[in-house]
Amino acid sequence: MRILKYCFLSVIFISTSLFAQEPTSTKPQGHTDQNKFRQMKDLLATPNETRTASGAPGYKYTQQQVDYVMDIRLDENTSQIFGDEKITYHNNSKDHLQYLWIQLDQNMRAKDSKTPDVKEESFKTPFNSAQSFTKNNLQERFDGGFNIEHVKNDNGSDLSYTINQTMMRINLAKPLAPGDTFKFEIKWWYNVNNHVTQGGRSGYEAFPDGNNTYVIAQFFPRLCVYNNVEGWQNMQFWGRSEFALEFGNYDVKLTVPADHKMEATGELQNPKDVLTKEQIKRFELAKKSFKDPVFIVTQEEAEAAEKQRSTKLKTWHFKADKVRDFAFATSRKFLWDAMAVDINGRSVMAISLYSKEGNPLWEEHSTRVVANTLEEYSKLTFDYPYSKAVSVHAEMGMEYPMICFNYGRPNEDGTYSERLKRGMIGVITHEVGHNFFPMIVNSDERQWTWMDEGLNSFVETLAELDYDPNYITGNLPKDIVPYMGGDQSNISPIMSQGDYVHQFGPNAYTKPAAGLYMLRQTIMGPELFDYAFRTYSQRWMFKHPTPADFFRSMEDASAMDLDWFWRGWFYTTDYTDIGVKDVKQYYLTDKPTESAKERAKRFKMDLADYPGRFIYYAEAVNGVIPQDAKSASDFAELNTYLESLSPEEKAKLKEAPKHFYEVTFEKPGGLVMPIILEITYEDGTIERKKYPAEIWRYNEFEVKKVFKTNKAITSFVIDPDLETADVDTSNNAWPKDDATAFSKFKEKVKG
């Protein structure tokens with residue numbers, strides 16, 4: 001009985017195998033299949049009590065807190081900053097800390113800085129302008145490093161410390177126990193750089209009228225991050241990869257010339273001491289204006305202030321809770337406008353400071369762009385929690401909590417190009433957006449630049465398209481094609497530490513942004529993506545996420561296995577290239593074809609033993625079907641079977657197709673991606689089909705699909721809207737000589 005059963009199963013297996021599709025090996029000779037769908041357990045850290053497998057903080061997650069009380073004085077005559085800061089460090093970890101690490105970012109500009117030493121130098125041309133030659137060969141190196149006057153305990157005694165370039169170690173007399181706090185103070189000063197002529201993320205700009213505008217950041221010794229993942233984040237600052245910082249509370253007094261206007265991180269505590277009654281009245285009006293900005297300081301008032309120079313001083317007092325940094329901007333040249341933004345029923349102020357040199361562009365757009373950014377980012381992440389966001393006119397793009405510095409300067413006559421306008425809108429959107437990433441979702445910029453720049457550039461893209469549907473973002477999948485298809489020796493994986501990547505901009509900004517846009521629009525869909533992205537953002541508000549937390553949260557909240565996408569897009573430099581390799585057309589026949597005979601022979605079957613049982617498929621010659629080819633309705637065997645079905649079963653049947661196409665898709669590129677297919681029929685109608693990336697799971701080199709239709713197909717086009725960053729579109733259309741379909745496709749590529 002057991003033997004007979006096995007024989008019966010074997011017959012069924014052989015019979016069904018005759019008609020089942022079998023994967024065929026198309027692997028290039030010598031190529032090792034990497035299994036693009038293998039899980040990422042070999043790349044991601046093992047979940048634990050501080051970080052769960054779902055991507056959320058664990059029940060033992062901890063992070064430190066650092067509070068600052070500072071008195072800062074700006075000397076406009078010498079362009080020097082002097083500071084006294086008192087620091088309270090809260091050890092919320094479970095570890096005993098032997099020392100504290102502090103960032104001294106201005107030391108990158110010290111006379112003995114090693115930053116210039118690690119930069120390659122060469123004679124790129126056989127000549128220089130006199131200005132360039134003087135700058136590169138005759139000027140003495142600017143000395144902008146910190147001058148530390150003392151480091152003391154809160155009882156006034158000296159503290160032992162060691163400075164290693166841009167890092168300072170505070171040597172504690174005894175380890176700081178879990179739950180304890182340590183208070184100390186630092187007194188310091190440094191020379192402020194001209195950020196226009198000397199570069200940098202902070203400094204002053206000198207104007208021909210004798211006035212300066214100051215945009216000041218990284219201006220005080222700041223505690224490094226100590227976390228559950230790697231302990232101290234004390235990588236040196238070489239000038240590119242930005243900052244990892246702890247949250248805390250700030251109480252800051254800033255003393256500047258009395259005729260300056262200022263904005264800073266936090267809430268102004270003494271408006272009556274630094275503003276006129278009229279300015280206070282105007283600001284109150286701005287709090288009720290949700291449509292148009294209200295001027296606090298007009299251009300006429302700013303121009304009048306430029307012509308004088310007060311010798312008196314004023315102190316502005318700001319407080320900020322739960323922020324990771326502090327920055328400010330000050331000048332007598334500033335115009336100042338503001339308007340309110342409704343964030344889910346709560347009013348937030350959008351504010352701009354700019355010199356007259358920014359008009360009319362800044363007056364028209366800056367504050368409105370700030371407002372739009374807060375609205376759009378809040379929709380995709382969480383309600384903006386701070387009371388304001390400030391955009392300051394400076395010839396750079398840089399971000400800090402509640403305040404950012406942005407470029408965009410018209411010609412002297414006030415005219416400007418559309419490109420300049422777009423650039424300014426883009427940089428304001430981007431820098432204001434950084435309030436969300438990393439000022440609140442506080443990733444480690446020094447280690448994983450893409451986690452703030454890339455995520456931010458992605459949301460920026462959506463916000464820009466909301467502000468102007470025709471906006472050219474530069475962050476779409478088609479925009480990253482030249483980079484991904486370029487010289488592989490000059491490309492780095494996204495998952496590289498920021499100081500060691502080639503082509504920093506595409507790597508840290510455009511490729512992550514384009515990948516997330518693709519993930520939202522093409523792979524997951526907006527509904528699934530938005531819920532997962534919002535989940536990640538809200539889980540890690542005011543916390544320190546890692547890449548693994550992002551990857552896991554996106555999968556956990558969407559029920560999608562995206563390991564193939566993270567592995568390919570973030571950990572490799574592979575590119576997308578999917579094409580139509582071959583299209584074969586078939587028709588039905590009741591006579592065995594040569595291919596049917598060959599297959600039957602492989603399974604040791606004689607088709608003569610099964611007369612009238614099968615319907616065979618014959619390949620059309622050069623796409624031509626013989627005139628005597630039969631339709632499905634001509635086969636008695638099929639009609640007999642159909643007649644045997646019940647009325648309910650018949651009701652579920654479709655009309656028999658007249659045309660059959662077998663399409664072979666190839667994948668010369670290393671990335672697996674969905675196949676997005678546009679099918680055009682003989683009557684001009686168009687159909688879209690999308691096959692998930694998992695279609696490549698058994699064969700990553702080529703796959704086949706069969707199309708059965710009552711209308712003849714005239715063309716197939718892969719990725720017609722350029723959604724997958726396909727680097728070679730020459731193989732994306734069939735037939736290749738179809739002038740209408742293919743030329744239309746190429747026009748899209750150019751656009």
Side-chain angles (χ1 to χ4, degrees), residues 63-74 81-92 97 99-107 146-156 159 161 166-170 172 176 180-190 201-202 215-227 232-234 237 242-256 262-270 315-330 386-388 390 399-403 435 438-440 442 542 544:
Q63 67 185 44
Q64 312 294 64
Q65 178 179 330
V66 190
D67 300 328
Y68 299 85
V69 177
M70 295 190 285
D71 283 297
I72 307 298
R73 179 171 61 88
L74 170 66
I81 287 183
F82 301 83
D84 287 280
E85 63 180 290
K86 296 180 180 178
I87 303 170
T88 302
Y89 188 86
H90 303 258
N91 183 14
N92 298 327
L97 304 181
Y99 38 75
L100 307 179
W101 279 103
I102 293 176
Q103 303 182 56
L104 301 178
D105 306 300
Q106 292 300 328
N107 279 4
F146 278 109
N147 296 277
I148 305 295
E149 295 193 2
H150 69 235
V151 182
K152 294 181 179 292
N153 271 300
D154 62 342
N155 62 11
L159 266 175
Y161 66 90
T166 61
M167 291 291 163
M168 177 167 69
R169 187 182 66 235
I170 303 295
L172 302 178
L176 183 62
D180 283 358
T181 60
F182 182 71
K183 297 182 178 182
F184 62 106
E185 61 181 72
I186 305 175
K187 186 174 182 179
W188 50 267
W189 67 273
Y190 70 86
R201 293 172 164 85
S202 171
V215 287
I216 304 299
Q218 295 96 247
F219 66 94
F220 60 99
R222 306 178 293 175
L223 265 295
C224 297
V225 166
Y226 183 84
N227 63 29
W232 287 105
Q233 166 47 289
N234 54 7
F237 179 48
E242 293 170 9
F243 316 106
L245 298 161
E246 301 283 13
F247 288 104
N249 302 322
Y250 285 73
D251 185 333
V252 184
K253 293 178 180 177
L254 299 154
T255 301
V256 298
M262 173 184 291
E263 260 296 2
T265 303
E267 297 297 318
L268 180 62
Q269 302 297 300
N270 60 334
T315 298
W316 299 61
H317 185 192
F318 291 88
K319 285 186 178 181
D321 293 338
K322 212 170 185 180
V323 295
R324 54 163 254 170
D325 202 358
F326 190 97
F328 67 95
T330 183
Y386 296 134
S387 63
K388 67 181 181 183
V390 184
E399 74 280 357
Y400 304 93
M402 304 187 216
I403 188 169
N435 277 288
M439 300 303 154
I440 296 170
N442 191 17
F542 301 110
H544 300 296

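In this structure a side-chain-to-backbone donor-acceptor pair under 3.5 Å is missing from E399 to M439. In this structure a side-chain-to-backbone donor-acceptor pair under 3.5 Å is missing from T88 to K183. No donor-acceptor pair closer than 3.5 Å links the side chain of S202 to the backbone N or O of Q218. When atom types are taken as modelled, the side chain of T255 and the backbone of R73 share no donor-acceptor pair closer than 3.5 angstrom. Under a 3.5 Å cut-off, the side chain of N147 and the backbone N or O of W189 do form a donor-acceptor pair. Judged by distance alone, with hydrogens and angles left aside, the side-chain atoms of N270 form a donor-acceptor pair with the main-chain N or O of T315 at under 3.5 Å. Between the side chain of N107 and the backbone N or O of M167, no donor-acceptor pair lies under 3.5 Å. The backbone N or O of T181 lies less than 3.5 Å from no partner atom in the side chain of H90, so there is not a single donor-acceptor pair. Side-chain atoms of N249 come within 3.5 Å of backbone atoms of K322 as a donor-acceptor pair (strictly under, hydrogens ignored). For the pair D84 (side chain) and K187 (backbone), a donor-acceptor distance under 3.5 Å is absent.
For the ring pair (Phe, Tyr, Trp, His ring centres under 6.0 Å) test, residues two or more places apart in sequence or in another chain that qualify with Y68 are F220, Y250. Taking the side chain to side chain donor-acceptor pair (under 3.5 Å) definition, one finds that K388 meets it with E263, sequence neighbours left out. Residues meeting the side chain to side chain donor-acceptor pair (under 3.5 Å) test with Q63, sequence neighbours left out: Y61.
Residues D105 and R222 are in side-chain contact: their nearest non-hydrogen atoms beyond the backbone lie under 4.5 Å apart. For the pair N91/F182, no side-chain contact is recorded, criterion being any heavy-atom separation below 4.5 Å from C-beta on.
Around the NZ atom of K152, the shell of radius 6.0 Å holds more than 12 heavy atoms that belong to other residues, nucleotides or ligands.
Relative orientation of the F328 and F326 rings is tilted, given thresholds of 30° and 60° on the angle between their planes.
Taking the ring centroids of Y190 and F219, they lie at or beyond the 6.0 Å cut-off.
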